[in-house]
Amino acid sequence: GLTIDAYGPISDNAGGIAEMAGLPETVRGLTDCLDAAGNTTAAIGKGFAIGSAALVSLALFGAFTVRAKVTTVDILNPWVFTGLLFGAMMPYAFAAWTMKSVGQAANDMVKECLSQFPKIMGPEKMA
(Lines give C-alpha, C1' and ligand atoms only; values in the text may rest on other atoms or scores of the structure.)
Protein backbone atom coordinates (compact mmCIF):
# COMPACT_ATOMS: atom_id res chain seq x y z
CA GLY A 1 0.00 0.00 0.00
CA LEU A 2 2.77 2.43 0.90
CA THR A 3 4.65 1.88 -2.35
CA ILE A 4 1.47 2.41 -4.35
CA ASP A 5 0.89 5.68 -2.49
CA ALA A 6 4.48 6.83 -3.09
CA TYR A 7 4.42 6.27 -6.86
CA GLY A 8 2.12 9.23 -7.62
CA PRO A 9 4.23 12.00 -6.05
CA ILE A 10 7.44 10.54 -7.49
CA SER A 11 6.10 10.50 -11.04
CA ASP A 12 4.65 13.99 -10.52
CA ASN A 13 8.05 15.26 -9.37
CA ALA A 14 9.65 13.65 -12.43
CA GLY A 15 7.39 15.78 -14.64
CA GLY A 16 8.28 18.94 -12.75
CA ILE A 17 11.99 18.18 -12.94
CA ALA A 18 11.75 17.49 -16.67
CA GLU A 19 9.99 20.83 -17.16
CA MET A 20 12.48 22.79 -15.03
CA ALA A 21 15.42 21.11 -16.79
CA GLY A 22 14.11 22.34 -20.13
CA LEU A 23 13.79 18.85 -21.60
CA PRO A 24 11.81 18.40 -24.84
CA GLU A 25 8.01 18.32 -24.76
CA THR A 26 8.08 14.62 -25.59
CA VAL A 27 9.67 13.92 -22.21
CA ARG A 28 6.99 15.96 -20.48
CA GLY A 29 4.35 14.00 -22.39
CA LEU A 30 5.80 10.74 -21.11
CA THR A 31 5.97 11.98 -17.53
CA ASP A 32 2.36 13.18 -17.77
CA CYS A 33 1.31 9.63 -18.69
CA LEU A 34 3.26 8.33 -15.70
CA ASP A 35 1.62 10.99 -13.52
CA ALA A 36 -1.84 9.88 -14.64
CA ALA A 37 -0.96 6.29 -13.78
CA GLY A 38 0.37 7.50 -10.43
CA ASN A 39 -2.89 9.29 -9.65
CA THR A 40 -4.85 6.14 -10.45
CA THR A 41 -2.65 3.90 -8.32
CA ALA A 42 -2.80 6.41 -5.46
CA ALA A 43 -6.60 6.40 -5.58
CA ILE A 44 -6.66 2.61 -5.55
CA GLY A 45 -4.12 2.53 -2.72
CA LYS A 46 -6.25 4.89 -0.63
CA GLY A 47 -9.18 2.46 -0.89
CA PHE A 48 -7.00 -0.40 0.31
CA ALA A 49 -5.65 1.73 3.16
CA ILE A 50 -9.13 2.70 4.34
CA GLY A 51 -10.35 -0.88 4.12
CA SER A 52 -7.38 -2.26 6.03
CA ALA A 53 -7.72 0.44 8.70
CA ALA A 54 -11.38 -0.48 9.21
CA LEU A 55 -10.49 -4.17 9.43
CA VAL A 56 -7.68 -3.52 11.92
CA SER A 57 -9.91 -1.36 14.12
CA LEU A 58 -12.54 -4.11 14.15
CA ALA A 59 -9.89 -6.71 15.03
CA LEU A 60 -8.50 -4.52 17.82
CA PHE A 61 -11.97 -3.97 19.23
CA GLY A 62 -12.63 -7.71 19.10
CA ALA A 63 -9.32 -8.45 20.84
CA PHE A 64 -10.13 -5.88 23.52
CA THR A 65 -13.56 -7.36 24.22
CA VAL A 66 -12.06 -10.86 24.54
CA ARG A 67 -9.18 -9.74 26.76
CA ALA A 68 -11.37 -7.52 28.97
CA LYS A 69 -14.06 -10.22 29.09
CA VAL A 70 -16.70 -7.82 27.77
CA THR A 71 -19.78 -9.79 26.74
CA THR A 72 -22.04 -6.96 25.62
CA VAL A 73 -21.51 -3.46 24.32
CA ASP A 74 -24.46 -1.12 24.88
CA ILE A 75 -23.93 1.79 22.50
CA LEU A 76 -26.85 3.63 24.14
CA ASN A 77 -24.89 3.86 27.40
CA PRO A 78 -23.53 7.44 27.51
CA TRP A 79 -20.11 6.31 28.79
CA VAL A 80 -19.73 3.73 26.03
CA PHE A 81 -20.85 6.20 23.38
CA THR A 82 -18.46 8.86 24.69
CA GLY A 83 -15.61 6.33 24.70
CA LEU A 84 -16.38 5.38 21.10
CA LEU A 85 -16.38 9.03 20.05
CA PHE A 86 -13.08 9.76 21.79
CA GLY A 87 -11.55 6.55 20.45
CA ALA A 88 -12.61 7.47 16.92
CA MET A 89 -11.15 10.98 17.27
CA MET A 90 -7.74 9.99 18.64
CA PRO A 91 -6.08 8.94 15.33
CA TYR A 92 -7.10 12.26 13.79
CA ALA A 93 -5.78 14.18 16.79
CA PHE A 94 -2.43 12.39 16.67
CA ALA A 95 -2.21 12.85 12.90
CA ALA A 96 -2.94 16.58 13.27
CA TRP A 97 -0.32 16.97 16.00
CA THR A 98 2.22 15.12 13.87
CA MET A 99 1.52 17.25 10.79
CA LYS A 100 1.71 20.43 12.87
CA SER A 101 5.08 19.48 14.35
CA VAL A 102 6.45 18.51 10.92
CA GLY A 103 5.28 21.87 9.55
CA GLN A 104 6.98 23.72 12.41
CA ALA A 105 10.21 21.77 11.89
CA ALA A 106 10.15 22.52 8.15
CA ASN A 107 9.56 26.20 8.88
CA ASP A 108 12.53 26.23 11.26
CA MET A 109 14.71 24.60 8.59
CA VAL A 110 13.69 27.20 6.00
CA LYS A 111 14.49 30.03 8.45
CA GLU A 112 17.88 28.48 9.16
CA CYS A 113 18.66 28.12 5.43
CA LEU A 114 17.65 31.73 4.81
CA SER A 115 19.89 32.90 7.63
CA GLN A 116 22.84 30.95 6.20
CA PHE A 117 22.58 32.25 2.62
CA PRO A 118 24.19 35.65 3.37
CA LYS A 119 26.96 33.95 5.35
CA ILE A 120 27.77 31.49 2.57
CA MET A 121 27.33 33.72 -0.49
CA GLY A 122 28.34 37.00 1.02
CA PRO A 123 26.12 40.04 1.47
CA GLU A 124 27.14 41.59 -1.87
CA LYS A 125 25.61 38.65 -3.84
CA MET A 126 22.36 38.77 -1.85
CA ALA A 127 21.35 42.22 -3.12
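Only this structure's heavy atoms are used, side chains among them; waters, hydrogens and symmetry mates stay out. Quick caveat, the model's predicted, so the values are computed rather than measured.
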Quiz item: Within a reach of under 6.0 Å around CD of Q116, are more than 12 heavy atoms found that belong to other residues, nucleotides or ligands?
Solution: yes
Self-check item: Nearest heavy atoms of V80 and I75, plus distance in Å
Solution: CG1-CA, 4.2 Å
Practice problem: Establish whether M121 and V110 are linked, either directly or via other cluster members, by ILVMFWY side-chain heavy-atom contacts under 4.5 Å. | Solution: yes
Practice problem: First locate atom CG of D32, then atom CD of E19, and finally report the distance between them rounded to the nearest 0.5 Å. | Solution: 8.5 Å
Self-check item: Non-hydrogen atoms of V27 and A18 that approach each other most closely
Solution: CG1-CB, 3.8 Å
Quiz item: In terms of hydrophobic clustering (I, L, V, M, F, W, Y; side-chain heavy atoms under 4.5 Å; direct or indirect links), are V73 and F81 co-clustered?
Solution: yes
Quiz item: Is the number of heavy atoms from other residues, nucleotides or ligands under 6.0 Å of L85 CG greater than 12?
Solution: yes
Exercise. Treat each ILVMFWY residue as a node, draw an edge where side-chain heavy atoms are under 4.5 Å apart, and state whether L30 and I17 are in one component.
Key: no
Practice problem: Output the distance between atom CE (M20) and atom CG (N13), rounded to the nearest 0.5 Å. | Solution: 8.0 Å
Quiz item: Got a second to check how far I50's CD1 is from L55's CG, nearest 0.5 Å?
Solution: 14.0 Å
Exercise. Could you tell me how the ring of F64 sits relative to the ring of F61: parallel (under 30°), tilted (30 to 60°) or perpendicular (over 60°)?
Key: tilted
